[in-house]
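Quick caveat: nothing in here was measured; it's all calculated off a predicted structure.
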Amino acid sequence: MSQGITKQSEDFSRWYTDVVLQAQLADYSPVKGSMVIRPYGYGLWENMRDGLDRRFKETGHVNAYFPLLIPESFMKKEAEHVEGFSPELAVVTHAGGKKLEEPLVIRPTSETIIWDMYRKWIQSHRDLPVLINQWANVVRWEMRTRLFLRTTEFLWQEGHTAHATAEEAEAETRQMLDVYADFCETEMAMPVIKGIKTDHEKFAGAVRTYCIEAMMGDTKGLQAGTSHNLGQNFAKAFDVTYQAEDGERKHVYATSWGVTTRFIGALLMVHGDDDGMIMPPRLAPIQTVIVPIYKTDEERTATVEEAHRVAGILKGGGIRVHVDDRDNFKPGWKYAEWELKGVPLRLEIGPKDLEKRSVFSARRDKREKKGLPVEGIVASVQERLETIQTALFERAVKFREENTHRVENWNHFKSVLEKKGGFILAHWDGTTETEVAIQEETKATIRCIPLDAGPEDLEPGECVFSGKPSKRRVIFAKGY
RNA sequence: CGGGGCGUGGCGCAGCUCGGUAGCGCACCUGCUUUGGGAGCAGGGGGCCGCUGGUUCGAAUCCAGUCGCCCCGACCA
């Protein structure tokens, strides 16, 4: 089943596909561009979902579910929105054996149907704010697809909120960006840069789009999540108004924000190595796997029994543990398989360990092994898992720093991009023309205008491409 | 849509140039020996060769068409 994977250094894309398939995160489905998320990949998604959902609830949001099918006419109500999404819509034209009066669009996102409902639900300032999230699937007919990173159908969460004032909407937009960043860094051990999208890159229908940008293991950028301040665009398009305290009718202010199963691809590309996936302990479906080692039947009975006993203790301590007691694989084979799947900590229990009343542990992120006494095993395993979680984050931060470059002129820009890759902090004149020209010449895009830039990046300068005045530096990179 | 590649047991492939009734590795089943870094030997099961049509005594192989997938470019979370 797992017959070796392409090395990252040979071909990063193939490495990625090999790991996704062989670690059984996902598999191709019969329909082009769509995929099956297998139980191991879905287990990871469930853990992500739980971590995000908890944060949404803590910030006052509630979940609901809106339908998959949207009247085609809804998509046309907001001008930029139609333009942005029409090329990638899947449309149902026939149903029940007949042609439909009005075609139904399979949601690429739910703004339109949600705002159509909000019109009914919002009348008074007392109805605000509305803070609803939904977990759903969406369909976007992409030309080129890649497992988890860009598929025709994907799973995500989309928050849609309505507020009385522009200030509240902006605060919500920023708050959810912070929630995402916290989730990425705390749970995924993936450092992200919070930023604003340029007008060229912002969401179709948004006033302003914030994003979190992460660096993958090949130094390319990946947009990991977005939070949009939609202003009154959708409220006006769907005529959603409320009566303020002073009796005046006003349009509401909106936000929307989402993250997707792309997170799974991001996680793999941030932490993975030539041996496969590396799961951060907080999200790992299996945090520790126990492999019994034995020669004789008696040893087998004893070590397997001890493995289950230790597993029981760990489970009692809230650790997600799995005992690999399959007799048809040798230990070495099992090690390789669990490494491919990225289980952060492996425990081995053999005859020697039984004697010593200990287990042997091996970290996935480093070649570091050591014995742990069974006495106090919960605490020592928890401690090791936390160490791994921190180490993964620190390693990713270091990698990003090593691959972030400041450049001052165009030749330097091109040579750094070509020879080193990574994130480039450079001056930009703020125009879409320059942004597009740079993209056409180098394939690099402005990933974002960072929010938490240091003073050295906020000094004025000259645009790296046009030489025109620039207020500050932005991040350029090749992206997914 | 343009360029490239590929469809042959579950998976990965060979066979196709030069038609003759399908093979290899892994996986699977049985048995014995093994088991602290991807075990060994022996025996065994499984495939209308993507689909359709044509040429031929005979097609995985030649011809025409068709469908699908993957990779690279134009769109995007």
(request) Please examine the side chains of A:R384 and A:L372, heavy atoms only from C-beta on, and report whether any two atoms are closer than 4.5 Å. (result) yes

(request) In whole angstrom, give me the gap between the P atoms of B:G37 and B:U21. (result) 48 Å

(request) Give a yes or no on whether the backbone of A:N137 and the side-chain of A:R107 come within a donor-acceptor separation of less than 3.5 Å. (result) yes

(message) Using a 4.0 Å heavy-atom cut-off, does A:R346 contact any base of the nucleic acid, only the sugar-phosphate backbone, or nothing at all?
(response) base

(message) Assess, by modelled atom type and distance only, whether the side chains of A:E170 and A:Y210 contain a donor and an acceptor separated by less than 3.5 Å.
(response) yes

(request) Could you give the distance separating B:A60 and B:G20 at their C1' atoms, to the nearest angstrom? (result) 13 Å

(message) Given the structure, check if the side chain of A:R150 and the base of B:C76 hold any donor-acceptor pair shorter than 3.5 Å.
(response) yes

Please tabulate the protein-to-nucleotide N/O contacts below 3.5 Å involving nucleotides 39-45 of chain B, giving atom names and distances.
residue : atom : partner : partner atom : Å
B:A39   : O4'  : A:K330  : NZ           : 3.4

(request) Return the 5'-most residue of the pair A:T145, A:T260 with respect to RNA chain B, ranking by each residue's nearest nucleotide. (result) A:T145

(request) Could you tell me whether a side-chain N or O of A:R282 sits under 3.5 Å from a main-chain N or O of A:T186, the two making a donor and an acceptor? (result) yes

(request) Sticking with atom P, work out how far B:C62 lies from B:C49, rounded to a whole angstrom. (result) 15 Å

(message) Over all strands shown, is A:E339 touching base, sugar-phosphate only, or nothing at heavy-atom distances under 4.0 angstrom?
(response) base

(message) Would you measure the distance from the C1' atom in B:U61 across to the matching atom in B:G38 and give it in whole Å?
(response) 37 Å

(request) Kindly point out which of B:G36, B:A74, B:C76 is positioned nearest to the side chain of A:K443? (result) B:A74

(message) Give me the distance, rounded to whole Å, that separates B:G47 from B:A22 when you measure between the C1' atoms they each carry.
(response) 9 Å

(message) If the test is side chain to side chain donor-acceptor pair (under 3.5 Å), which one of A:H160, A:K57, A:Q157 qualifies with A:N133?
(response) A:Q157

(request) To the nearest Å, give me how far apart CD (A:E306) and C1' (B:G36) are. (result) 16 Å

(request) Report the distance from atom OH of A:Y16 to atom P of B:C70, rounded to the nearest whole Å. (result) 14 Å

(request) Can you figure out which of B:U35, B:G36, B:C75 approaches the side chain of A:E88 most closely? (result) B:C75

(request) Could you tell me whether A:L222 contacts a base, only the sugar-phosphate backbone, or nothing, with contacts defined as non-hydrogen atoms closer than 4.0 Å? (result) nothing

(message) Under 4.0 Å, counting only non-hydrogen atoms across every strand here, what does A:K369 touch: a base, just sugar-phosphate, or nothing?
(response) base

(message) Expected output check: what is the dot-bracket annotation of RNA chain B, where ( ) and [ ] are pairs inside the strand (brackets for crossing ones), | is paired with another strand, and pairs are Watson-Crick or G-U under 3.5 Å?
(response) ((((((((.[[[[.)....(..]]]].((((((.....)))))).....[[[[[..)....]]]]])))))))....

(message) When the P atoms of B:G15 and B:G7 are compared, how many Å lie between them, rounded to an integer?
(response) 10 Å

(request) Flag yes if more than 12 heavy atoms outside A:E375 fall under 6.0 Å of its CD atom; otherwise flag no. (result) no

(request) Using a 4.0 Å heavy-atom cut-off across all strands, classify A:Q223 as base, sugar-phosphate, or nothing. (result) sugar-phosphate

(message) So if I take every side-chain heavy atom of A:F360 and compare against B:U35, B:C76, B:G36, which nucleotide ends up nearest?
(response) B:G36

(message) Please report the distance, rounded to the nearest Å, between CD in A:E10 and P in B:C71.
(response) 17 Å

(message) Here's one to test your reading of the geometry: is the NZ or CZ of A:R346 within 45 degrees of the ring axis of A:Y335 and under 6.0 Å from its centre?
(response) yes

(request) Kindly say whether A:S34 contributes a backbone atom to a donor-acceptor pair with the side chain of A:S29 at under 3.5 angstrom? (result) yes

(message) What contact category does A:Y28 fall into here, base, sugar-phosphate, or nothing, at under 4.0 angstrom with non-hydrogen atoms?
(response) sugar-phosphate

(request) State whether A:F329 and A:K334 meet the cation-pi test: NZ (Lys) or CZ (Arg) under 6.0 Å from the six-membered ring centroid, and within 45° of the perpendicular axis. (result) no

(message) For a 4.5 angstrom cut-off between non-hydrogen side-chain atoms, does A:I196 reach A:T209?
(response) no

(message) Classify A:T151 by what it touches in the nucleic acid, base, sugar-phosphate, or nothing, heavy-atom distance under 4.0 Å.
(response) base

(message) Measure NZ/A:K220 against C1'/B:C76 and give the value in whole Å, please.
(response) 14 Å

(request) Would you check if there is a donor-acceptor pair between the side chains of A:H81 and A:N233 at a distance under 3.5 Å? (result) no

(request) Return the value, rounded to whole Å, for the distance between atom NE2 of A:H200 and atom C1' of B:C75. (result) 11 Å

(request) Give A:K334 one of three labels, base, sugar-phosphate or nothing, depending on what nucleic acid heavy atoms sit under 4.0 Å from its own. (result) nothing

(request) Could you work out the separation of B:G43 and B:G65 based on their C1' atoms and round it to a whole Å? (result) 46 Å

(request) Using whole Å, report how far CG of A:L372 lies from C1' of B:G36. (result) 16 Å

(request) Take the protein atom CD of A:E153 and the nucleotide atom P of B:C76, then report the distance between them rounded to whole Å. (result) 21 Å

(request) Write down the distance between CZ (A:R146) and C1' (B:C75), rounded to a whole number of angstrom. (result) 16 Å

(request) For B:C41 and B:A27, measure between their P atoms and round to the nearest Å. (result) 12 Å

(message) On RNA chain B, compare the nucleotides closest to A:Y480 and A:D353; which residue's is nearer the 5' end?
(response) A:D353

(request) Flag the pair A:W257 / A:F56 as yes when their ring centroid distance falls below 6.0 Å, and as no otherwise. (result) yes

